[in-house]
Amino acid sequence: MCRIFAGIIKEGDIAPILRIGLKRLEYGGYDSAGIATIYEGKIHVKKDKGKIDEIHQKLNLDELKGNIGIAHTRWATHGAPSKINAHPHLDCNGNIAIVHNGIIENFLELKQELEQLNHKFVSKTDTEVIAHLIEEYYKVFKNFKEAFIEAIKRLQGSYAISVISTYEPDKIFLAKNGAPLLLGKGKDFNFASSDAIAFIDKTKECIPLEDNEIAIISLEGYEIYKLGSGTKVNRKPIFLNWNLEQASKEGYDHYMLKEIMEQETSMRWSLNAQKIYLELISDYMDKADKVFLVGAGTSYHSCVVGSYYYSKLATVTTIPVIASEFIENYGSSIDINTTILFVSQSGETADVLNAVDFARKRACTILAICNVIGSTLTRVARAYVLQQSGPEIGVAATKTYTSQLIIHLLLALNLAKKRGKISQYEMDEIKEALNEIPFLAGKILREKSKEIKEVAKRIINKNHVFFLARGLNYGTALEGRLKLLEIAYIPSTAYPAGESKHGPISLIEEGVPIIFIAPKDETRKQIIGNMMEMKTRGAEIITLAEEDDEEIKSLSNIFIGMPKMNSIITPILYILPLQLLAYYSSVLKGLDPDKPRNLAKSVTVL
Ligand code: AGP
């Protein structure tokens with residue numbers, strides 16, 4: 001969730017270049033930042049909490065001397081935003097400096113091992129462990145490249161790492177796995193960055209690193225090696241014909257599309273949510289006789305899906321409530337025995353914070369799922385878990401929604417275990433399904449985009465679009481509808497399919513498009529009945545269903561086949577085509593999906 005930038009130049013000081021590059025990377029994380037350079041054989045560091053401009057104002061980052069350096073802007077995951085937790089981090093003697101984007105899952109065991117070897121840690125971050133690990137291996141190998149490789153081999157999790165050292169003062173050591181890292185090649189300089197925007201004004205020659213690779217850059221050029229075998233890799237630069245604006249979207253036309261397409265990665269990060277906090281939250285929920293799930297907009301929709309997870313898996317009764325209605329609806333019935341799980345990606349939504357404030361005054365237990373560490377919600381909650389989506393710039397919530405669903409599912413699994421409501425076999429099945437999520441997301445996003453663009457052409461001029469589903473995917477219908485109406489301004493309605501005959505069916509006439517979310521689960525038979533009801537009234541039947549479901553295909557005017565999957569994860573994956581549908585509908589109508597009218601990314605007013 002952070003961003004890193006590193007470079008070596010032939011002439012002059014690197015710090016101003018690193019600061020300007022860091023500023024462009026700031027959308028990727030902005031709670032703290034720092035730069036380290038090597039000058040006259042020593043490492044010099046300037047870092048602090050806050051945004052880059054504030055830190056520069058305070059510390060004058062450009063003052064740092066030296067032609068080689070590393071830089072970092074942080075989106076905190078381990079350790080709150082603070083000067084001490086800001087990157088770069090150093091080893092015990094200040095001979096090694098590191099910046100890192102990603103999550104080291106085994107950092108606690110590594111830290112304990114190193115503390116037993118008398119390493120002294122100053123921060124709460126997972127990253128600092130890597131600096132001490134390299135230091136320890138350097139004592140053994142007396143060769144920095146070997147020490148670096150051995151240390152990287154010990155890491156589990158995702159990382160994009162950049163390291164400088166007084167032992168090799170003219171080289172930058174890099175490692176990549178599960179987080180982006182690109183080299184920028186030049187005549188009198190070489191760079192490495194989380195994305196090309198940091199150096200694209202200096203060079204358009206870019207060499208992307210792949211997972212499980214390390215690289216070394218110097219003024220002489222770059223070398224890439226496979227981490228496992230040590231085999232040298234010959235990779236030619238690619239030419240990026242992007243300008244600065246395009247680069248910040250990594251080549252996508254809009255942040256919304258970039259964020260939809262990066263869900264394979266963001267889902268992996270959310271699946272690695274910190275177990276200690278999932279445990280803490282599910283402990284509180286386990287003690288409650290009922291739990292309110294409170295959010296606004298998309299976050300509320302995640303609560304609707306979550307309520308099915310908690311009930312189906314853990315037999316825990318939860319009540320999803322729209323934040324702005326919570327006080328009116330339940331204000332008189334909550335007290336010290338009430339537990340409320342608030343969900344807000346920004347942690348700053350006024351409707352949510354207003355409900356939190358009201359509930360705190362009644363001594364309720366306040367829990368939270370949030371995306372922004374240090375936000376108001378994380379500061380007032382008794383316990384919170386970070387959904388770890390990474391920053392979301394587009395006004396429409398996309399990757400933060402699927403992250404929230406994953407967190408709800410992980411919490412529901414924890415609760416089911418605690419209450420003995422799930423067998424080992426069921427647990428293994430669901431764990432297998434969880435492991436499949438990122439791969440399936442990538443497959444759907446790669447393979448369905450073209451098809452969805454065609455569907456968008458069919459609906460952009462319709463007066464009204466319906467989204468119908470049953471069970472777990474009722475929340476998917478709600479979210480698909482919100483995306484389409486808020487980004488493409490197409491009036492839409494979402495209902496539990498069983499509710500259609502209690503009123504909404506009166507709106508159905510020839511050609512009205514109805515999008516059915518109809519995976520192969522226990523609701524399938526009934527939803528087929530609903531499809532036939534609508535078909536006989538002339539509706540245009542658009543279905544999202546399992547790719548080999550011939551019966552539903554035969555009923556559909558448009559059939560979008562989805563890969564086979566455990567039905568428990570269908571809400572997390574069936575929303576992806578609907579996110580794309582909203583995006584392409586908006587673009588086809590000549591709108592800007594990143595800046596929908598009347599909307600803000602975080603609604604901080606009541
Ligand atoms: C999502 O597409 C909307 N822009 C909006 O409904 C959003 O989900 C809502 O404002 C809640 O935001 P939060 O998660 O930051 O609290």
Side-chain angles (χ1 to χ4, degrees), residues 1 75 254-260 263 266 270 292-306 320-326 340-357 359 366-381 384-408 467 475-490 492 494 571 575-576 578-583 585-586 591-606:
M1 275 64 98
W75 180 272
H254 300 97
Y255 283 112
M256 182 179 176
L257 185 57
K258 170 179 172 289
E259 286 151 7
I260 289 172
Q263 287 180 95
S266 58
S270 303
F292 290 100
L293 309 174
V294 180
T298 293
S299 295
Y300 164 68
H301 297 156
S302 85
C303 294
V304 172
V305 177
V321 187
I322 288 174
S324 56
E325 283 302 313
F326 180 73
I340 309 167
L341 176 61
F342 287 95
V343 182
S344 169
Q345 86 84 18
S346 64
E348 299 300 348
T349 296
D351 289 326
V352 169
L353 298 179
N354 188 42
V356 170
D357 195 39
I366 308 292
L367 308 174
I369 298 174
C370 188
N371 194 34
V372 183
I373 194 169
S375 62
T376 306
L377 181 58
T378 60
R379 282 188 282 131
V380 298
Y384 68 87
V385 60
L386 285 177
Q387 57 189 73
Q388 299 185 164
S389 318
E392 187 174 67
I393 312 296
V395 166
T398 49
K399 64 175 184 171
T400 52
Y401 174 65
T402 48
S403 289
Q404 288 168 352
L405 295 185
I406 288 171
I407 300 297
H408 281 303
F467 292 79
T476 311
L478 289 171
E479 178 57 15
R481 171 240 179 189
L482 175 63
K483 287 282 110 25
L484 189 66
L485 69 83
E486 70 171 340
I487 296 300
Y489 316 153
I490 298 175
S492 312
I575 190 61
L576 300 178
L578 302 182
Q579 293 173 343
L580 288 170
L581 179 63
Y583 172 77
S585 300
S586 173
L591 303 169
D592 180 351
D594 284 341
K595 300 185 186 74
R597 66 187 176 203
N598 313 329
L599 288 176
K601 183 58 192 167
S602 178
V603 183
T604 54
V605 291
L606 288 177

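For ligands, and for the atoms within them, numbers begin at 1 and follow the listed sequence.
Closest heavy-atom contact between Q579 and M256: O-CE, 4.0 Å.
Close approach of ligand 1 to A397 is summarised as follows: ligand atoms under 4.0 Å from at least one heavy atom of the residue are 1 (C), 2 (O). Proximity to A396 (heavy-atom distance under 4.0 Å) selects the following atoms of ligand 1: 2 (O). Interface atoms of ligand 1 facing K483, defined by a heavy-atom separation under 4.0 Å, are 1 (C), 2 (O).
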Criterion side-chain contact (heavy atoms from CB on, under 4.5 Å) on F467 and L578, from CA distance to verdict: CA-CA 10 Å; F467 292 79; L578 302 182; 4.1 Å; yes
Could you walk me through whether I393 and K258 pass the side-chain contact (heavy atoms from CB on, under 4.5 Å) check? CA-CA 10 Å; I393 312 296; K258 170 179 172 289; over 6 Å; no
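Counted by atom type alone, Q387 and T400 present zero donor-acceptor pairs between their side chains at under 3.5 Å. Side-chain polar atoms of E479 and T298 form a donor-acceptor pair below 3.5 angstrom.
In terms of protein heavy atoms, atom 12 (O) of ligand 1 is closest to T349 OG1, 3.5 Å. When hydrogens are left out, the protein atom nearest atom 6 (O) of ligand 1 is G297 CA, 3.2 Å; that is the closest non-hydrogen contact. Among all protein heavy atoms, the one lying closest to atom 10 (O) of ligand 1 is V603 CG2, 4.0 Å. For atom 9 (C) of ligand 1, the nearest non-hydrogen atom of the protein is A296 O, 3.8 Å. Counting only heavy atoms of the protein, atom 15 (O) of ligand 1 lies nearest to S346 OG, 2.6 Å. Atom 14 (O) of ligand 1 has its closest protein heavy atom at S299 OG, 2.6 Å. Atom 4 (N) of ligand 1 has as its closest protein heavy atom V395 O, 3.1 Å.
Geometrically, ligand 1 and Q404 share no nitrogen or oxygen pair separated by less than 3.5 Å. Looking at V343 next to ligand 1, no N or O pair under 3.5 Å apart turns up. For ligand 1, the polar-atom distance check against E479 finds no nitrogen or oxygen pair separated by under 3.5 Å. Checking only distances, V352 never comes within under 3.5 Å of ligand 1, N or O to N or O.
Looking at T298 against ligand 1, both its backbone and its side chain come within 4.0 Å, counting heavy atoms. Only the side chain of E486 comes within contact range of ligand 1, with a heavy atom under 4.0 Å; no backbone atom does.
Within the structure, the closest approach of E348 to ligand 1 does not fall below 4.0 Å when heavy atoms are considered.
A donor-acceptor pair is defined here as one N or O able to donate and one able to accept, closer than 3.5 Å; no such pair exists between the side chain of K399 and the backbone of E259. A donor-acceptor contact shorter than 3.5 Å is absent between the side chain of D594 and the backbone of H254. A donor-acceptor distance shorter than 3.5 angstrom exists from the side chain of S585 to the backbone of L581, with no hydrogens or angles considered. Judged purely by atom type and a 3.5 angstrom limit, S403 has no side-chain atom pairing as donor or acceptor with the backbone of S270.
Looking at residues two or more places apart in sequence or on another chain, you find a side chain to side chain donor-acceptor pair (under 3.5 Å) between T476 and N473. Applying the side chain to side chain donor-acceptor pair (under 3.5 Å) test to S492 and every residue at least two apart in sequence or in another chain returns nothing.
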